[in-house]
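Notes to accompany the following structure.
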Amino acid sequence: MSAATVLRADWPAPPGVQAVFTLRAGGVSNGAYRSLNLGAHVGDEARAVQENRRRVIEALTLPSEPLWLAQVHGTEVVRADEIGAGAAAPNTSARGDASVTQLPGRVLSVLVADCLPVLLARTDGSAVAIAHAGWRGLAGGVIEAAVRALGGTPQSLLAWLGPAIGPAHFEVGEEVRTAFCRHDPQAQRAFAANARARWQCDLHQLAVQRLAALGVQSVHGRPRCTFSDADSFYSFRRDGVTGRAAALIWIDARVSPTVEQQR
């Protein structure tokens with residue numbers, strides 16, 4: 001797998017904090033799942049998914065198998081440090097839509113195909129977290145839950161927002177807008193009325209608003225639309241049957257200043 005098949009997070013993370021988002025090229029899956037599908041729950045051949053995951057681990061020289069969550073579009077945060085290494089296998093039963101770790105070498109992940117991956121880190125590199133923010137999880141408070149689990153003051157945190165479906169292609173009904181505006185009237189700025197009496201929803205803007213309300217101001221990552229770039233991204237809204245990309249974050253013990261301080 002070439003380096004061109006991943007995006008590296010463009011944020012001022014401390015040394016040792018690594019964060020990436022996988023693109024479509026470089027895998028072995030065929031048809032609707034072409035080519036680096038990492039989702040084992042979408043109908044792709046199990047052997048292809050296993051090989052794709054192996055290629056990601058090898059290409060990124062990951063220190064361990066990622067924690068592949070069983071995502072349910074909720075707000076549960078999995079504390080990865082309380083899970084044994086065996087539970088981090090591809091068929092993990094850990095259910096949740098976010099995870100957090102303070103352990104160098106533990107790789108966190110979320111799988112997406114339009115939903116927004118939110119990656120979080122403490123500025124001292126001592127802990128990282130990740131969240132799967134579809135509209136349900138985002139409205140329900142998955143970002144807030146991940147920030148609470150990560151700990152630290154808002155000023156000591158930074159966030160990177162990965163690719164997700166853009167507002168030009170994410171049409172929702174009134175119930176979605178109401179769910180956000182009931183929580184915060186400012187959320188109305190992330191919705192634009194369309195000619196079908198429905199709304200175009202900006203997930204990226206909604207996430208920025210939620211982070212700002214928590215006091216997290218160091219938010220990075222330019223919006224990239226998964227729907228509009230079929231060569232680079234999987235999109236459930238665009239294709240229906242499709243693969244899943246992964247957002248990954250971990251603390252690299254080889255360069256982490258936190259690890260050095262503990263020696």
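Note: hydrogens, waters and symmetry copies are ignored here, and every other heavy atom, side chains too, is used.
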Close side-chain approach of Leu138 to Ile143, heavy-atom, < 4.5 Å: yes
Keeping Thr22 on the side-chain end and Ala246 on the backbone end, is there a donor-acceptor pair under 3.5 Å? yes
Find the distance between CD (Gln205) and CZ (Phe180) and round it off to the nearest 0.5 Å. 11.5 Å
Side chain to side chain donor-acceptor pair (under 3.5 Å) test vs Asp44 passes for just one of Thr242, Asn37, Asn52, namely Asn37
Hydrophobic cluster membership, with links at side-chain heavy-atom distances under 4.5 Å among I/L/V/M/F/W/Y: are Trp199 and Val208 in one? yes
Decide whether Asn194 and Gln200 meet the rule of one side-chain donor and one side-chain acceptor closer than 3.5 Å. yes
Report yes if the side chains of Val128 and Leu119 come closer than 4.5 Å at any heavy-atom pair, otherwise no. no
Residue pair Pro154 / Leu211, side-chain heavy-atom distance below 4.5 Å: no
Please answer: with hydrophobic residues joined when any side-chain heavy atoms are less than 4.5 Å apart, are Leu120 and Trp160 in the same cluster? no
Against His132, only a single residue in Leu111, Val118, Leu116, Asp97 fulfils side-chain contact (heavy atoms from CB on, under 4.5 Å); can you say which? Asp97
Run through the side-chain heavy atoms of Ile, Leu, Val, Met, Phe, Trp and Tyr, join any pair under 4.5 Å, and report what else lands in Val42's cluster. Tyr33, Val241
Just verifying a value: how many Å separate Ser228 OG and Phe233 CZ, rounded to the nearest 0.5 Å? 8.0 Å
Can Asp184 and Gln209 be said to form a side chain to side chain donor-acceptor pair (under 3.5 Å), step by step? CA-CA 9 Å; Asp184 180 4; Gln209 290 175 349; over 6 Å; no
Identify the two heavy atoms, one from Ile249 and one from Ala129, that lie closest to each other, and give their separation to 0.1 Å. CG2-O, 3.9 Å
Heavy-atom closest contact (Gln18 atom, Asp252 atom, distance): CG-CB, 4.1 Å
Donor-acceptor under 3.5 Å (His220 side chain, Ala13 main chain): no
Hey, what do you get for CG (Asp81) to OG1 (Thr101), rounding to the nearest 0.5 Å? 3.5 Å
Does the pair Glu51/Arg55 count as a salt bridge with the N-to-O cut at 4.0 Å? yes
Does the side chain of Asp114 come within less than 4.5 Å of Phe170's, by heavy atoms? no
Between Phe21 and Phe236, is there a shared hydrophobic cluster once you connect ILVMFWY residues whose side-chain heavy atoms come closer than 4.5 Å? no
For Arg122 and Leu150, indicate whether the former's side chain and the latter's backbone hold a donor-acceptor pair under 3.5 Å. yes
Does Leu206 share a hydrophobic cluster with Leu214, counting links as ILVMFWY side-chain heavy atoms below 4.5 Å and allowing steps through other members? yes
Arg244 (side chain) donor-acceptor with Ala113 (main chain) under 3.5 angstrom: no
Hey, does His41 have a side-chain heavy atom less than 4.5 Å from the side chain of Trp68? no
Using ring-ring contact (aromatic ring centres under 6.0 Å, His included) as the criterion, list what pairs up with His169, not counting sequence neighbours. Phe227
Can you confirm whether His73 sits close enough to Cys115 that some side-chain heavy atom of one is under 4.5 Å from a side-chain heavy atom of the other? yes
Heavy-atom pair of closest approach, residues Val17 and Ala121: CG1-CB, 4.1 Å
Separation between CZ of Arg106 and CD1 of Ile83, rounded to the nearest 0.5 Å: 7.0 Å
Between Trp250 and Pro63, is any pair of side-chain heavy atoms under 4.5 Å apart? yes
Sequence neighbours left out, what passes side-chain contact (heavy atoms from CB on, under 4.5 Å) with Pro167? Give chain and number order. Asp202
Return the minimal non-hydrogen interatomic distance between Gly96 and Val78, and the atom names on each side. CA-CG2, 4.2 Å
Counting only N and O atoms by type, is there a donor-acceptor contact under 3.5 Å from the side chain of Ser109 to the main-chain atoms of Leu67? yes
Main-chain N/O of Arg24 paired to Ser35 side chain as donor or acceptor, under 3.5 Å: yes
Indicate, with yes or no, if Leu161 and Leu7 share a hydrophobic cluster defined by side-chain heavy-atom contacts under 4.5 Å among Ile, Leu, Val, Met, Phe, Trp and Tyr. no
Do Thr226 side-chain atoms and Ile165 backbone N/O form a donor-acceptor pair below 3.5 Å? yes
Could you tell me whether the side chain of Tyr234 and the main chain of Asp239 form a donor-acceptor pair under 3.5 Å? no
Ala80 and Leu108 have their tightest heavy-atom pair at CB-CD2, 3.7 Å
Side chains of Leu158 and Trp11, heavy atoms from C-beta outward: is any pair under 4.5 Å? yes
For the CZ atom of Arg8 and the CG atom of Leu248, what is their distance to the nearest 0.5 Å? 10.5 Å
Spacing of NE2 belonging to His183 relative to CD belonging to Gln186, to within rounding of 0.5 Å: 11.5 Å
